[in-house]
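Just below is one structure, and these are the notes that go with it.
Just so it is clear, the model here is predicted, and its values are computed rather than measured. Per chain, numbering begins at 1; letters A, B, ... match sequence-line order.
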Amino acid sequence: MLDITYIRENTDAVKQGMIHKGEKDTSLVDQALVLDAKWRDGVTRLDRSRSELNQISGQVGAMMKSGRKEEAQTLIQQTQTLKEEIKELDKSVPELRNELDQVLYQIPNVPDPSVPVGSTPDDNVIHSEWGSPRHEDHLKPHWELAEQNHWLDFQRGVKVAGAGFPFYVGEMARLQRSLISFFLDSAVDAGYTELQAPLFVNEDSARGTGQIPDKEDMMYVIPKDGFFAIPTAEVPVTNFHRDEILEIDQLPVFYAAHTPCWRREAGSYGKDVKGLNRLHQFDKVELVKMVHPDQSDEELESLREHAESLLKALKIPFRTLLMCTGDMGFTQTKKYDLEVWSSGQKRWLEVSSCSNFGSFQARRMKLRYRTESGKTEMLHTLNGSGLALPRVMAALLEQYQRPDGRVDVPEVLKSRMGTDIIGSV
RNA sequence: GGAGAGAUGGCUGAGUGGUCGAAAGCGCUCCCCUGCUAAGGGAGUAUACCUCAAAAGGGUAUCGAGGGUUCGAAUCCCUCUCUCUCCGCCA
């Protein structure tokens, strides 16, 4: 959420940002300002009444001590109206604040000035392209390669769990494990601290990163215990420091975590869900940064560069998109998407999304640091995939396939795979 | 799952109805003293919000969370959560 003080002082910029992100109606901002004024008025009145009551209580105490009970009684009688007033305000002020928060939750983060203004994916800017995509006619999609080599078992996945929960078999399982380990090692080398995180989170955490109340339907829920299955490691990892104040010399904080991710993704169909393109459960290595506000612009670039370096090391062709205002999402100030070229499907597949959230997430989860002057201030958070496994594997198989359906192992994975080539003729 | 104990500031730990946002100690910061080291003295050291152009100042709330009793609650009552110990179960 945005800071109401910021909205108060930058009303036009906030409205402009909303419009650029595709909202037609900016009246939420005006609503917020009205509620803010009401709420502050209520707080002031409540504080004043309480102050009066406290003062009287002190006097009563002093009288009781010195035995002036009658005097005390008359004072006590005076408190009745005050107490009623407090009781009312005590109810209405939090209600107003709650109303205000509900409005604030619906106001999107303001895009960074460097983000191209646009409304559709066509307005995204190609930031860079890398590698040599294969364009032979008879390249197979990964699901055909997987079928030939018995690498994926979708049917048994359906039997055991349901659609979108495949088994990875033999070399494919090992390939995934090798990639995960490669990604994590790279992250650690780049200064990230490796975390193994809870795979279920509680309601507070889901709220902290904004999955609820907005995007509840994306998550699997375990109602009996009040858990949410994480849709990304971003949720537990960003919440790691929720409600904390970090010292300035602890910054910046970098974390990397591999987790499965569960997404309900209701309503998808067709080529999107074919093979490994879209699953209900998939593995991902997630990178999270918590940084000083002055650093977040640069940190987004280095985050993107790190994600790109993984694809370069694997020699998988990809492009990086700078997402336009209309395609970047509610919570971000700036976002890059990395898309690998799927040689067998002749299309781009998103494997990473690197985002700067500014203080938007931090404010929601009270993630702060102490400035040199001793004040507390919201941190900036960033995250990015590094990387999402299934689509990387899909692109890898397709890019490295041989005419006989076997697949060469990328150089950087050979020792982990224990072989130069996988599959059988 | 059963039984018991507990939850206070960065930490340890007092406090059972009236200047308690909270003693004391430790830690930390600054200053003084001391020719190293050690020791000593003094001051300061939570968070959030409102008010104020800002700073200063003022006010309010917070002693696990929520509710109640009272003029007044860290202290009394109710509900919940969590932690610890013992037993059971268990990778």
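- Using the Watson-Crick or G-U wobble rule with both distances under 3.5 Å, B:rC33 pairs with nothing in any strand shown.
- Between the C1' atom of B:rU19 and the CE atom of A:Met64 lies a distance of 16 Å, rounded to the nearest Å.
- The distance from atom CZ of A:Arg45 to atom P of B:rU60 is 17 Å, rounded to the nearest whole Å.
- A:Arg50 has no side-chain polar atom (N or O) that falls below the 4.0 Å cut-off from OP1 or OP2 of B:rC50.
- Nucleotides of RNA chain B nearest to A:Thr5 and A:Val60 differ in position, and the one nearer the 5' end is that of A:Thr5.
- Straight-line distance from the CD atom of A:Glu247 to the C1' atom of B:rU29: 12 Å, rounded to whole Å.
- For the P atoms, the distance linking B:rA48 with B:rG9 amounts to 16 Å, nearest Å.
- The number of heavy atoms from other shown groups lying within 6.0 Å of NZ (A:Lys38) does not exceed 12.
- Under the Watson-Crick or G-U wobble criterion, with both distances below 3.5 Å, B:rG17 is left unpaired in every strand shown.
- Nucleotide B:rU69 is matched to nothing when pairs are restricted to Watson-Crick or G-U wobble geometry with both distances under 3.5 angstrom.
- Annotation: B:rG21 and B:rG15 have their C1' atoms spaced 13 Å apart (nearest Å).
- Among the heavy atoms of the strands, none lies under 4.0 Å from A:Leu46.
- Partner assigned to B:rU45 is B:rG27, using Watson-Crick or G-U wobble distances below 3.5 angstrom.
- If you take CD1 of A:Ile76 and P of B:rG18, they are 15 Å apart, rounded to a whole angstrom.
- In summary, the aromatic rings of A:His292 and A:Tyr369 are positioned with their centroids under 6.0 Å apart.
- Within 4.0 Å of A:Val43, counting heavy atoms only, lie sugar-phosphate atoms of the nucleic acid but no base atom.
- Comparing B:rA73 with B:rG66, their P atoms are spaced 15 Å from each other, to the whole Å.
- Contact check, A:Arg97 against B:rC49: no side-chain N or O comes under 4.0 Å of OP1 or OP2.
- The residue from A:Glu298, A:Glu299, A:Glu301 that alone fulfils the salt bridge (charged side-chain N to carboxylate O under 4.0 Å, His left out) condition with A:Lys334 is A:Glu301.
- The phosphate of B:rU47 (OP1 or OP2) has no side-chain N or O of A:Lys375 nearer than 4.0 angstrom.
- Across all strands shown, B:rA22 remains unpaired; no Watson-Crick or G-U wobble contact has both distances below 3.5 Å.
- Proximity note for A:Leu53 (side chain, C-beta onward) versus B:rA46, B:rG72, B:rU51: the nearest is B:rG72.
- For B:rG68 and B:rG17, the C1' atoms lie 15 Å apart once the distance is rounded to whole Å.
- Aromatic ring centroids of A:Tyr255 and A:His241 lie under 6.0 Å apart.
- Remark: A:Ser51 is in phosphate contact with B:rU60, judged by side-chain N or O atoms under 4.0 Å from OP1 or OP2.
- Comparing B:rC87 with B:rU12, their C1' atoms are spaced 31 Å from each other, to the whole Å.
- A cation-pi arrangement is absent between A:Arg156 and A:Phe167, since the terminal nitrogen or guanidinium carbon is not both under 6.0 Å from the aromatic centre and inside a 45° cone about the axis.
- Distance from the side chain of A:Asp47 is smallest to B:rU60 among B:rG72, B:rU60, B:rA48.
- Both distances falling under 3.5 Å, in either a Watson-Crick or a G-U wobble arrangement, occur for no nucleotide opposite B:rA38.
- B:rC90 is unpaired under the Watson-Crick or G-U wobble criterion, no partner having all donor-acceptor distances under 3.5 Å.
- Counting non-hydrogen atoms under 4.0 angstrom, A:Leu82 reaches nothing in the nucleic acid.
- One finds a side-chain N or O of A:Asn54 lying less than 4.0 angstrom from the OP1 or OP2 phosphate oxygen of B:rU60.
- Note on A:Thr376: a side-chain N or O is less than 4.0 Å away from OP1 or OP2 of B:rA48.
- In this structure, the side chains of A:Lys315 and A:Pro410 stay at 4.5 Å or more apart for every pair of heavy atoms.
- Across all strands shown, B:rA5 pairs with B:rU83; the Watson-Crick or G-U wobble distances both stay below 3.5 Å.
- Map A:Trp39 and A:Ile56 each onto its nearest nucleotide of RNA chain B; the residue landing nearer the 5' end is A:Trp39.
- For A:Arg48, no side-chain nitrogen or oxygen approaches OP1 or OP2 of B:rU60 to under 4.0 Å.
- Here the side chains of A:Arg48 and A:Thr44 are in contact, with some heavy-atom distance below 4.5 Å.
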